[in-house]
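Lettering follows sequence order; numbering is per chain, from 1. FYI, side chains are in, hydrogens and waters are out, and symmetry mates aren't considered; it's all heavy atoms of this structure.
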Amino acid sequence: MIEWSSATIKDFQTTLLTWFDQEGRDLPWRRDHEPYHIWVSEIMLQQTQVQTVIPYYERFMAWFPTVTDLAQAPEEKLLKAWEGLGYYSRVRNMQRCARQLLTDYDGQWPQTAAELTELIGIGPYTAGAIASIAFNEPVPAVDGNAFRVFSRLLEIDDDIAKPQTRQVFERAIAKIISQDRPGDFNQAIMDLGSSYMTARQPDSAHSPVKRFNQAYLDGKELAYPVKTKKPRPVPVDYVAVMAQVDDQWLMMQRPSNGMLANLWTVPFIKVADLALDESYTDAELTAAVNAYFKQEYQLTLTSQCLPVKPVTHTFTHQKWTLRLLAGQVTTPDLAFFPGRLVTTDDLAQLPTPKVQDKVWQRYRQ
DNA sequence: TATTCGTGGTA
DNA sequence: TTACCAAGAAT
């Protein structure tokens with residue numbers, strides 16, 4: 001890791017901010033510095049690309065124009081606003097944060113990163129982003145872009161997958177960040193990271209800061225950032241049960257914690273939870289599922305396997321394979337079932353994950 | 001500290 | 001298909 005002189009730091013700031021003034025992206029959440037707007041955009045942008053976020057952001061602001069609107073919204077509408085974005089706890093935590101603001105902060109945003117970190121769902125990055133952009137506090141906002149950009153500029157060799165590495169970057173950036181325009185500085189780093197200093201195909205030869213880019217000057221740009229690999233997704237087998245009562249579908253709401261919390265699907269049953277041997281026939285599978293419905297939900301299901309290819313869906317850490325079953329439920333009493341019956345027309349009202357879309361698609365094919 | 005939280009895109 | 005990346009936080 002190299003150190004910059006104060007003259008180099010000043011030179012870098014001027015170069016970066018001049019470029020940002022001319023080439024910075026025009027994005028919906030950059031029209032003003034309202035903390036609510038900055039906050040919503042930053043939460044959406046966590047692990048999510050700008051292009052994906054833009055339409056979600058516009059709709060979110062139309063549905064929930066203020067913190068109060070967000071605090072008062074029914075959860076089903078919240079999840080519908082987030083449907084397809086992933087990491088759904090983000091939006092549930094946003095509502096908790098909105099209520100926290102109204103009850104504990106009299107509706108007034110705290111204006112420092114240290115205080116913002118105390119709010120639910122706001123970690124070190126988001127706190128730095130809001131504090132610098134909305135309140136002009138000169139603090140780093142260390143996201144994936146900052147890790148990548150500064151690891152290359154300064155040849156920082158620490159493994160960014162390790163939590164303790166964050167403070168290495170925060171200390172380095174704290175020395176370099178513009179005291180006058182910290183929000184623009186942080187956003188310029190993000191724009192740099194998504195244009196000239198990308199992960200796979202950087203174009204540093206044309207970058208406005210190429211003369212500051214030590215890794216590029218040394219011809220080893222792609223060696224940065226240093227990051228250990230993550231384990232492969234673990235395979236998990238499910239059955240997805242398309243169960244009907246007359247013309248209505250049996251829809252299940254997932255538990256309020258864990259994956260896809262509170263979202264709606266047809267009943268997904270982990271094959272490992274069924275009383276089955278290592279190898280089993282279709283008949284044994286449907287019998288086990290029917291028995292499971294009786295035992296867990298007090299429902300009488302008559303199902304059969306569908307002759308279609310199983311649906312596969314890969315999450316960050318799990319790879320699901322879902323076999324499709326279809327059937328009827330007779331004399332339903334839903335007292336023991338965590339869900340409800342829904343007509344085909346009303347299915348779209350429920351917030352569902354992408355894997356449910358794939359299941360419907362395969363069912364209809 | 002390491003794991004758990006989605007989805008879309010690219011090579 | 002597989003691997004990896006994209007404005008991370010909670011536990």
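The environment of A/R232 atom CZ is sparse: at most 12 non-hydrogen atoms of other residues, nucleotides or ligands sit within 6.0 angstrom.
With C1' as the reference atom, C/dA10 and B/dT1 are 13 Å apart, rounded to whole Å. Spacing between B/dC5 and C/dA6 at atom C1', rounded to whole Å, works out to 16 Å. C/dA9 and B/dG8 have their P atoms separated by 22 Å, given to the nearest Å. Atom C1' of B/dG6 sits at a distance of 14 Å from the matching atom of C/dC5, rounded to the whole Å.
Judged by distance alone, the side chain of A/K358 and the main-chain N or O of A/V311 form no donor-acceptor pair under 3.5 Å. The main-chain N or O of A/V50 is never found under 3.5 Å from a side-chain atom of A/T52 such that the two would form a donor-acceptor pair. Without hydrogens or angle criteria, A/R148 side chain to A/G193 main chain gives a donor-acceptor distance under 3.5 Å.
By the ring pair (Phe, Tyr, Trp, His ring centres under 6.0 Å) test, A/F315 is found to be paired with A/H313, A/W320, residues two or more places apart in sequence or in another chain being considered. Taking the ring pair (Phe, Tyr, Trp, His ring centres under 6.0 Å) definition, one finds that A/F64 meets it with A/F60, sequence neighbours left out. Scanning for ring pair (Phe, Tyr, Trp, His ring centres under 6.0 Å) contacts around A/H37 gives an empty result, with sequence neighbours left out. Checked against ring pair (Phe, Tyr, Trp, His ring centres under 6.0 Å), A/Y87 has no partners two or more places apart in sequence or in another chain.
For B/dC5, the OP1/OP2 oxygens have a side-chain nitrogen or oxygen of A/H317 closer than 4.0 Å.
Here A/L27 lies in heavy-atom contact (under 4.0 Å) with a base. No engagement by A/K162 is indicated, since no non-hydrogen atom pair under 4.0 Å with the nucleic acid exists. Contact annotation for A/Q187: no contact, since no heavy-atom pair falls under 4.0 Å across all strands. Across all strands, A/A199 comes closer than 4.0 Å only to sugar-phosphate atoms, never to a base (heavy-atom distances). Across all strands shown, A/V50 has heavy atoms under 4.0 Å from base atoms, whether or not it also approaches the sugar-phosphate. Nucleic acid contact class of A/R25 (heavy atoms, under 4.0 Å, all strands): base. Among the atoms of the strands shown, none is found under 4.0 Å from any heavy atom of A/R254. A/W29 comes within contact range of at least one nucleobase, with a heavy-atom separation under 4.0 Å.
Two rings, from A/W249 and A/W360, have their centers less than 6.0 Å apart.
Using a 4.0 Å cutoff to heavy atoms of chain A, the contacted part of DNA chain C runs 5' to 3' from C/dT2 to C/dA10.
Both A/N93 and A/T312 lie close to DNA chain C; mapped to their nearest nucleotides by heavy-atom distance, the more 5′-ward contact belongs to A/T312. DNA chain C is contacted by both A/K319 and A/E42; A/K319 maps to the nucleotide lying nearer its 5′ end (nearest heavy atom per residue).
When the C1' atom of B/dC5 is taken as reference, atom CH2 of A/W82 falls 13 Å away, rounded to whole Å. For the pair A/N257 CG and B/dT3 C1', the interatomic distance rounds to 15 Å; values are reported in whole Å.
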### Message
side chain to side chain contact (heavy atoms under 4.5 Å, CB included) for A/V342 and A/R340? Distances and angles first, verdict last.
### Response
CA-CA 6 Å; A/V342 179; A/R340 58 183 187 235; 4.1 Å; yes

### Task
Would you give a per-nucleotide map of nucleotides 6-11 of chain B, 5' to 3', where B means the base has a protein non-hydrogen atom under 4.0 Å away, S means only the sugar-phosphate does, and - means neither?
BBBB-S

